[in-house]
Amino acid sequence: MSAAVKLMEKPDFLGFGLGLRAEHYSEILDGPPPNIDWLEIISENYMVPGGQPLQMLERVRERYPVVMHGVSLSIASTAEPNFDYLSKLKDLADRVEPKWVSDHLCWNGVHGVNLHDLLPIPYTSEALEHVVSRVHLVQDYLSRPLCLENVSTYVQFEESEMSEWTFLSELTKRTGCWLLFDVNNVYVSAFNHGYDPKTFLEGIPQDRVVQFHLAGHSDMGTHLIDTHDHPVCDDVFGLYRHALKRFGWVSTMIERDDNIPPLSELMDELDTARGIAREVLGSIRDDSPVSQRQSAVA
Ligand SMILES: [Fe+2]
């Protein structure tokens, strides 16, 4: 583990949040603050030198804790590291001071071509060595730990020597990176590849997960596609229940990227998640920032 990230403590539980989407800017910033504990921004939308996006972000930052979530880090790519991208990511992180910076365990393209998709990797020792070295490089460059998310997959590699959960467990153990556990992605991949999603869950170390994503998918009959254009389905909320039992209080958010509904609908889904968490784990811990914020408001 690199010296730069060795001393980073596990981030606090933030409560229940949403992905910030342009459609909801005015409701989130101009009206009374909705019952949202924190917001996740898409890093690439704000990796600009100035202007309106950064002004908006400044206002968001004054009101809510923020985490950064990227889609183009391409951590598993065998191409040369993209230091132009990393420099912009670092500038944004230094400006926003997010609770953490996440991206996906995947690659996005090679030879300068970004396919704008989160592509799967073979789970081999060779790939693990490569990704471990890349995570060290990025964490040292950013001077902060990364948080990596499991992606939905539709194919598997014959070359794979270990499960996805073993790969993620080794990665977090060897680099100190945190994990973003996307409950829907686990559900989608487990269905597509025919394994029990609880096996995945039970294979991940209990103390490394700092964030949950909850999202909707499309059921194509023979397979599921991770579309983020539907509400979270009952089965994914069911798996979330198991995830809470294993990982405890973990910052949770609804991730919606298409067919964006009114904010009130996403708030209802978030309330469902809150209700499930309270049912599974009891009331919010007294020492959590959420509890302290709620007492300050009361
Ligand atoms: Fe996700």
Side-chain angles (χ1 to χ4, degrees), residues 11 14-21 24 36-45 66-76 89 98-108 115-121 146-154 164-165 167-168 171-172 177-193 197 200-201 204 208-219 223-233 235-244 246-247 250-261 266 269-270 272-273 276-277:
L14 298 178
F16 296 83
L18 288 180
L20 178 64
R21 302 293 178 260
H24 303 138
I36 300 169
D37 299 321
W38 56 280
L39 290 167
E40 181 192 80
I41 62 162
I42 301 297
S43 307
E44 287 80 0
N45 291 347
V66 166
V67 306
M68 281 169 49
H69 185 55
V71 294
S72 301
L73 179 60
S74 202
I75 194 77
L89 187 66
K99 299 297 181 186
W100 55 83
V101 176
S102 67
D103 206 295
H104 304 81
L105 174 61
C106 71
W107 57 292
N108 303 112
L115 297 171
H116 300 289
D117 214 334
L118 308 173
L119 301 167
I121 61 171
L146 267 179
C147 178
L148 288 174
E149 173 180 354
N150 57 293
V151 294
S152 292
T153 57
Y154 310 94
E164 183 178 357
W165 48 94
F167 192 99
L168 282 163
L171 188 60
T172 179
C177 72
W178 301 111
L179 299 178
L180 193 175
F181 188 96
D182 187 311
V183 181
N184 178 63
N185 289 355
V186 170
Y187 184 82
V188 166
S189 295
F191 181 93
N192 289 344
H193 305 312
F200 190 127
L201 211 153
I204 296 291
R208 304 305 303 169
V209 176
V210 297
Q211 183 180 352
F212 288 143
H213 271 170
L214 293 170
H217 57 254
S218 297
D219 187 344
H223 60 286
L224 306 181
I225 300 183
D226 180 30
T227 45
H228 295 190
D229 59 355
H230 284 65
V232 180
C233 71
D235 284 349
V236 169
F237 273 130
L239 187 58
Y240 175 55
R241 195 175 280 277
H242 287 285
L244 289 163
R246 176 157 182 83
F247 302 115
V250 169
S251 305
T252 297
M253 62 162 269
I254 307 290
E255 191 180 33
R256 186 70 172 260
D257 293 304
D258 219 340
N259 286 338
I260 307 276
L266 294 180
E269 281 191 277
L270 200 55
T272 302
I276 291 171

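One-based numbering along the sequence shown. Both ligands and their constituent atoms are indexed starting at 1 by order of listing.
E255 contributes OE1 as its N, O or S atom closest to the Fe ion (ligand 1). The atom of E149 that is an N, O or S and sits closest to the Fe ion (ligand 1) is OE2. The nearest N/O/S atom of D182 to the Fe ion (ligand 1) is OD2. Nearest N, O or S atom of H213 to the Fe ion (ligand 1): atom ND1.
Here the closest non-hydrogen pair linking M68 and S43 is CB-OG, 3.6 Å.
Between E149 and N185, the side chains place a donor N or O and an acceptor N or O closer than 3.5 Å (distance only, hydrogens not considered). With no hydrogens or angles considered, a side-chain donor-acceptor pair links D226 and H228 at under 3.5 Å.
In this structure, H69 has its ring center under 6.0 Å from that of H104.
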